[in-house]
Amino acid sequence: MNALRGKKILLGITGGIAAYKTPELVRSLIKEGAEVKVVMTPSAKEFVTPLTLATVSKNPVLSSFIAEGNDNPKWNDHVALGLWADLFLIAPATSNTLSAMAHGRCNNLLLGVYLSAKCPVWVAPAMDLDMYAHPTTQKNISQLTSYGNYVLPVGEGALASGLEGKGRMLELDTILTYIKSHFTKNKPLFKKTILLTAGPTFEAIDPVRFIGNYASGKMGFALAKEALLLGANVVLVSGPTIEKIEHPDLTLISVVSAEDMMNAVQKVFKKVDIAIAAAAVADYKPIKSAVQKIKKSNGDLTLQLTHTPDILAYMGAHKKNQKVIGFALETENELENARTKLLNKNLDGIVLNSLKDKGAGFSGSTNKITYIHADLTSHSFPLLSKEECAKHIFEQILAE
Ligand code: C5P
């Protein structure tokens with residue numbers, strides 16, 4: 001359950017604005033079972049205080065070779081820190097620190113720890129887009145990679161400078177996925193491709209209105225993260241959602257309508273090993289979407305609806321060696337309906353969640369699932385986080 005249980009993570013923080021996110025990162029690492037110590041560059045202290053980090057990590061925070069502010073100077077042993085850690089994560093890593101690391105400079109404690117560390121070193125760069133794109137930075141990153149460091153990609157979006165582009169530190173959740181995958185020894189989905197559908201679909205009524213549902217995309221994204229942890233290549237076809245994910249082994253295809261989702265799925269389905277349909281696809285759409293906004297009038301408005309394509313049924317009908325797993329959100333005769341769905345759609349498994357169960361369903365962060373296999377045997381699980389549900393779903397799929 002706790003992927004980092006008993007692991008010693010040394011977090012190195014450098015002086016970039018993304019440093020303000022690091023107390024949350026420490027919390028998440030601890031939540032996953034890790035023990036965390038923090039080492040900072042002097043300039044990182046301008047962005048986040050050592051007191052905050054010492055409080056959340058429950059360990060002293062070090063930033064200079066000699067312990068500050070006491071009459072008996074003490075040597076902060078960089079070698080011991082490097083030896084203590086199972087993994088050294090430097091996040092955020094500024095262009096200055098990347099450059100110093102690439103050239104072996106050692107003018108602060110963090111760099112001293114880096115040079116003497118024997119453990120794997122992971123680096124999450126964060127800087128403005130032009131600094132990141134600069135050939136020197138790119139060269140430093142290649143250099144660091146050639147020395148065996150793991151340099152993470154950067155995120156894209158709003159930057160502290162007000163500009164938009166590539167340079168943001170990766171989302172904390174994504175950094176965590178990488179760190180967890182480092183410690184996942186058994187990677188049963190290595191070299192496998194997993195197709196996932198996630199989120200709702202929006203079916204246009206006119207240019208400003210749509211038929212949609214409350215699906216958040218959380219279950220599908222949790223499945224994507226779990227598949228990545230298990231070593232898979234993931235194709236995630238998602239309807240509109242605020243969920244975020246970035247990973248070199250993941251292709252995210254953002255779609256809006258059921259038809260878009262079907263087109264995306266049809267393009268990749270042949271090449272996948274396992275497909276899981278977690279999307280809450282609208283079953284009906286307006287026969288015609290109005291070109292102009294429909295004006296309000298005094299009378300009633302009747303919308304004529306037609307079926308959307310059933311993506312899961314398509315995959316069930318066209319599968320060769322692929323395993324196809326669906327979801328069933330039921331409100332009555334749950335087990336029976338889900339089993340019928342599994343048979344009708346020619347599935348290898350179906351995940352049942354009932355709206356009757358408190359905390360289950362598609363909009364929250366928890367779910368209560370029953371996994372039904374092709375032979376109709378089933379396993380029920382208690383109310384769990386969607387991440388834990390995702391783990392159980394893959395365990396069931398892989399147990400077949
Ligand atoms: O038959 P029902 O729509 O209840 O089945 C739900 C399952 O089918 C879910 O896995 C959902 O992702 C999938 N589905 C689909 N395309 C649709 C409708 C549902 O892939 N048009």
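In listed order, ligands and their atoms are each counted from 1. All values reported here derive from a predicted model rather than from experimental measurement.
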Run down the list [options] and name the one with the heavy atom closest to [atom].
{"atom": "atom 21 (N) of ligand 1", "options": "Pro309, Ala198, Ala328", "result": "Pro309"}
{"atom": "atom 13 (C) of ligand 1", "options": "Leu196, Ile350, Leu312", "result": "Leu312"}
{"atom": "atom 14 (N) of ligand 1", "options": "Asp310, Val324, Asn337", "result": "Asp310"}

Inset, instruction - Output yes when Glu330 and Lys341 qualify as a salt bridge under the 4.0 Å nitrogen-oxygen rule, no when they do not. - result: yes
Inset, instruction - Taking only Lys NZ, Arg NE, NH1 and NH2, and the carboxylate oxygens of Asp or Glu, determine whether Lys58 and Glu35 approach each other closer than 4.0 Å. - result: no
Give the atom numbers and elements of ligand 1 that come within less than 4.0 Å of a heavy atom of [X].
{"X": "Asp283", "result": "3 (O), 18 (C)"}
{"X": "Gly326", "result": "10 (O)"}
{"X": "Thr308", "result": "21 (N)"}

Is any N or O atom of [X], backbone or side chain, closer than 3.5 Å to an N or O atom of ligand 1?
{"X": "Val281", "result": "no"}
{"X": "Ala277", "result": "yes"}
{"X": "Ile311", "result": "yes"}
{"X": "Lys341", "result": "yes"}
{"X": "Phe327", "result": "yes"}

Legend entry - Phe202 and its side-chain contact (heavy atoms from CB on, under 4.5 Å) partner, picked from Val256, Asp260, Asn213: Val256
Inset, instruction - For a side-chain contact (heavy atoms from CB on, under 4.5 Å) with Tyr178, tell me which candidate from Leu176, Ile175, Thr174 qualifies. - result: Thr174
Legend entry - Contact check, Lys345 vs ligand 1, heavy-atom distance below 4.0 Å: yes
Inset, instruction - Could you tell me the residue and atom name of the protein heavy atom closest to atom 12 (O) of ligand 1, and the distance to it rounded to 0.1 Å? - result: Ala279 O, 2.5 Å
Legend entry - Nearest-0.5 Å distance, CE of residue Met262 to CE of residue Met315: 8.5 Å
Inset, instruction - Nearest 0.5 Å please: distance from the CG atom of Leu159 over to the CZ atom of Arg168. - result: 7.0 Å
Inset, instruction - Measure the shortest side-chain to side-chain distance between Leu305 and Lys285 over non-hydrogen atoms and say whether it is less than 4.5 angstrom. - result: no
Inset, instruction - Evaluate side-chain contact (heavy atoms from CB on, under 4.5 Å) for Cys389 paired with Asn367, printing each intermediate quantity in order. - result: CA-CA 7 Å; Cys389 290; Asn367 209 353; 3.8 Å; yes
Inset, instruction - Would you kindly confirm whether Val255 and Ile205 end up in one hydrophobic cluster when ILVMFWY residues are joined by side chain heavy atoms under 4.5 Å apart? - result: no
